[in-house]
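These notes are about the structure you will find just below.
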Amino acid sequence: MLTIKLLREDKERVIQKLKIKNFDAETIINKIIEIDEAKRTVQNKLEQSLSELNNISKQVGILFKDGKVEEANKAKEKTVELKNETKDLNSELNKLDSDLNNLIVQLPNLPNELVPIGKGAEDNEIIKTGGKIPELLESNSLPHWDLAKKYDIIDFELGNKITGAGFPVYKGKGAKLQRALISYFLDRAIENGYDEVMPPLLVNEASGFGTGQLPDKEGQMYHAGIDNFYLIPTAEVPVTNIFRDEIVQAEDFPIKKTAYTPCFRREAGSYGKDVRGLNRLHQFDKVEIVHISHPEVSYKALDEMVNHVENLVKELELPYRILRLCGGDMSFTSALTYDFEVFSAAQKKWLEVSSVSNFEEFQANRLKLRFKEKGDKKTKLAHTLNGSALALPRIVAALLENNQTPDGIKIPKILVPYTGFEYIN
RNA sequence: GGAGAAAUGGCAGAGUGGUCGAAUGCGGCGGUCUUGAAAACCGUUAGGUGUAACAGCCUCGGGGGUUCGAAUCCCUCUUUCUCCGCCA
């Protein structure tokens, strides 16, 4: 969430910036400022009363100690009124505080100045295209769901039986390919300085709030009701929350973590479109990279992450393009996002396989993730970033479709040491 | 799942109603000494909020309560440990 300080000091700029995200913030912000002022007045009064009360209590203590019982009892009487006053002020403060919070969490993050204006996916800016789109022979242009069946490597019907739509069963070389991709992605991340972690796949409410999934996107996560846990939609949630309520030292930057996890998404409201095969699943595997960065260099970190992801798609020999998301297509929490898409040759479609974002201090403010500069007394909010490196299903879709040959599906060179086979046939 | 014990600063560990946001030790930082280092000695060292800077306020696992006053008493939740049961 945005800091109240920013809203106090730079309200007009915030309103202008949020227009790029197609968000009209004026009414909310005016209301916020109004409540904030009221809150500070009440807080002031409350603290004065508390101060007085603390003083009297101290006096009473001393008087009793000196045996001046009568004076002590007299002093006690004075507290009755004050106590009532603090009680009222306190409940007033709590009310204002929660009103303020409810409003401020509704404001999305400010977009970076590079973010193009636009309404939706069609307005995203293609900033780079790479790789070569393969020309498929007519006899070899099956979509991946047919290939999956032909080679018996992914069984969608079986997943239907066990769980439901969107929970495929990977079999034989299909399963091995998953494992190979996960190992390859993790190894590359570790080579680039990321520490591997294996976090819980269920998180509590506070974690969901910290990274911005709650309260808004509640319906997108699976919920284990009895214990009030949420199944993670991405490793971003547990990994970033490692640092919730932490104060790190500036010299510890950059903090880089990577994690493989399954991801669970309800995908409510997205039925019917682009959901065939591996294109959209309820459970999928992903390797995530997370950066906790000094604010001054967070955009350098973002570039570094984009490079890292680009390397992966290059090594996998997939045709790809990099998009800079426009204001209308960006997530609530992001300040700048690059999406990676690979071309899946039989479907003749670009598929999103990675999203790399800088959240600046938006998540950090929710997480209370701060850092301290050497010699400084005050703490500042860190910047958080994350990106998929990479999400598996659509990579697999493109690999299957693009690499189909009369001899079977050719595994890219980089993966062969991991799969132990060169062809799926 | 049952029974019991516990949760205090970076760590260890005192504190069971009154100038306690908290002894002491270790660690950290600064200094004296030293060619340098170690040792020794001296000083300093929780977080948040707030302020121009002070002050003030909040925080002893979380929340609530009793009291003029709570780290200390009561309720509740969470977590950890020990024993029993079950179990990959």
Side-chain angles (χ1 to χ4, degrees), chain A residues 1-9 32-33 35-101 104 198-210 214 223-230 238 241-253 255 262 292 295 361 363-382:
Chain A
M1 63 190 185
L2 299 176
T3 59
I4 187 73
K5 197 160 169 255
L6 178 72
L7 297 176
R8 276 180 209 146
E9 289 170 2
I32 287 173
I33 297 208
I35 295 176
D36 180 50
E37 271 162 19
K39 180 192 143 182
R40 287 200 286 171
T41 310
V42 171
Q43 189 160 3
N44 245 317
K45 274 198 227 159
L46 174 63
E47 280 176 17
Q48 264 171 36
S49 302
L50 284 174
S51 176
E52 213 171 316
L53 212 44
N54 287 342
N55 254 324
I56 295 173
S57 297
K58 244 176 216 176
Q59 292 305 320
V60 172
I62 293 167
L63 290 171
F64 271 128
K65 210 173 205 173
D66 295 347
K68 299 174 182 164
V69 180
E70 210 166 299
E71 277 179 67
N73 283 328
K74 215 167 156 194
K76 269 207 227 177
E77 282 167 26
K78 280 198 289 188
T79 63
V80 178
E81 198 182 325
L82 269 173
K83 275 182 87 173
N84 281 330
E85 194 180 310
T86 58
K87 213 170 174 183
D88 291 347
L89 286 168
N90 199 26
S91 63
E92 201 179 335
L93 181 68
N94 284 339
K95 166 95 173 53
L96 288 168
D97 208 37
S98 83
D99 287 352
L100 187 67
N101 255 310
I104 206 164
M198 207 179 244
L201 306 181
L202 280 81
V203 294
N204 58 29
E205 233 174 309
S207 293
F209 177 81
L214 296 175
H223 185 218
I226 296 176
D227 296 297
N228 198 22
F229 293 150
Y230 293 87
N241 271 283
I242 291 173
F243 301 97
R244 172 154 47 87
D245 292 321
E246 294 290 327
I247 296 168
V248 301
Q249 298 303 314
E251 59 260 36
D252 294 336
F253 289 135
I255 297 170
I292 314 294
E361 55 179 44
Q363 284 182 335
N365 191 32
R366 292 177 157 233
L367 292 159
K368 299 279 164 281
L369 162 49
R370 293 149 298 169
F371 72 98
K372 212 187 242 180
E373 214 95 49
K374 215 176 173 136
D376 263 10
K377 199 174 179 253
K378 287 272 175 186
T379 59
K380 294 183 210 140
L381 292 169

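Basis for what follows: all heavy atoms, side chains included, without hydrogens, waters or symmetry-related copies. No experiment lies behind these values; they were computed from the predicted model shown. Chain naming here is simple, since letters A, B, ... match the order of the sequence lines and numbering starts at 1 in each.
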- With sequence neighbours excluded, residues passing side chain to side chain contact (heavy atoms under 4.5 Å, CB included) with A:Lys380: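 Listed in chain order: A:Phe371, A:Glu373, A:Asp376.
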Rounding to an integer number of Å, can you tell me how far [X] [atom1] sits from [N] [atom2]?
| X | N | atom1 | atom2 | answer |
| --- | --- | --- | --- | --- |
| A:Gln59 | B:U67 | CD | P | 22 Å |
| A:Leu89 | B:C57 | CG | P | 15 Å |
| A:Arg244 | B:G61 | CZ | P | 18 Å |
| A:Leu93 | B:G50 | CG | P | 13 Å |
| A:Lys5 | B:G48 | NZ | P | 14 Å |
| A:Asn228 | B:G62 | CG | P | 21 Å |
| A:Glu246 | B:A46 | CD | C1' | 14 Å |
| A:Lys58 | B:C57 | NZ | P | 7 Å |

- Taking only residues at least two apart or on different chains, which pairs with a member in residues 40-58 of chain A satisfy salt bridge (charged side-chain N to carboxylate O under 4.0 Å, His left out)?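 Passing the test, one end in residues 40-58 of chain A: A:Asp36-A:Arg40.
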Considering only atom [atom1], compute the distance from [N] to [M] and round it to an integer number of Å.
| N | M | atom1 | result |
| --- | --- | --- | --- |
| B:A23 | B:G31 | P | 25 Å |
| B:U66 | B:U59 | P | 16 Å |
| B:G62 | B:A52 | P | 30 Å |
| B:G9 | B:G4 | P | 27 Å |
| B:A39 | B:C29 | P | 12 Å |
| B:A3 | B:C11 | C1' | 32 Å |
| B:C83 | B:U76 | P | 27 Å |
| B:A71 | B:G18 | P | 11 Å |

- Sub-4.0 Å heavy-atom contacts from residues 74-87 of chain A onto RNA chain B, ordered by number: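 Heavy-atom contacts with RNA chain B come from A:Lys76, A:Thr79, A:Lys83.
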- Query: Under a 4.0 Å heavy-atom cut-off, which of residues 47-56 of chain A touch RNA chain B?
  - Reply: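 By residue number: A:Glu47, A:Leu50, A:Ser51, A:Asn54.
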- Query: For RNA chain B, whose closest nucleotide is more 5', that of A:Lys378 or that of A:Ile62?
  - Reply: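 The answer here is A:Ile62.
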- Query: Partners of A:Lys83 by salt bridge (Lys or Arg N to Asp or Glu O under 4.0 Å), sequence neighbours excluded?
  - Reply: none
- Item | Pairing residues for A:Lys87 by the salt bridge (Lys or Arg N to Asp or Glu O under 4.0 Å) criterion, not counting sequence neighbours | none
Assigned partner base of [N], Watson-Crick or wobble definition, under 3.5 Å:
| N | answer |
| --- | --- |
| B:U35 | none |
| B:G27 | B:U45 |
| B:C20 | none |
| B:G85 | none |
| B:A5 | B:U80 |

- Report which part of the nucleic acid A:Arg40 touches: base, sugar-phosphate, or nothing (heavy-atom distance under 4.0 Å, all strands).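 The answer is nothing, as A:Arg40 stays clear of every strand by at least 4.0 Å.
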- Query: Heavy atoms under 4.0 Å, any strand shown: does A:Ile247 hit a base, just sugar-phosphate, or nothing?
  - Reply: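 Answer is sugar-phosphate: A:Ile247 comes under 4.0 Å of backbone atoms only.
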- Neighbour count >12 (heavy atoms, 6.0 Å) for atom CD, A:Glu81: no
- Message: Just checking A:Glu70: does its CD atom have more than 12 heavy atoms from other residues, nucleotides or ligands closer to it than 6.0 angstrom?
- Response: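 Check fails, neighbour count at 12 or below.
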Out of curiosity, [X] [atom1] to [Y] [atom2], how far, rounded to the nearest 0.5 Å?
| X | Y | atom1 | atom2 | answer |
| --- | --- | --- | --- | --- |
| A:Asn204 | A:Asn228 | CG | CG | 8.5 Å |
| A:Asn55 | A:Lys78 | CG | NZ | 9.5 Å |
| A:Leu89 | A:Thr41 | CG | OG1 | 11.0 Å |
| A:Asn365 | A:Met1 | CG | CE | 4.5 Å |

- Message: Quick one: does any side-chain atom of A:Thr79 pair with a main-chain N or O of A:Ala75 as donor and acceptor, under 3.5 Å?
- Response: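 It does not hold such a pair.
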- Query: OP1 or OP2 of B:G47 sitting under 4.0 Å from any side-chain N/O of A:Thr379?
  - Reply: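 For B:G47, OP1/OP2 do not have a side-chain N/O of A:Thr379 under 4.0 Å.
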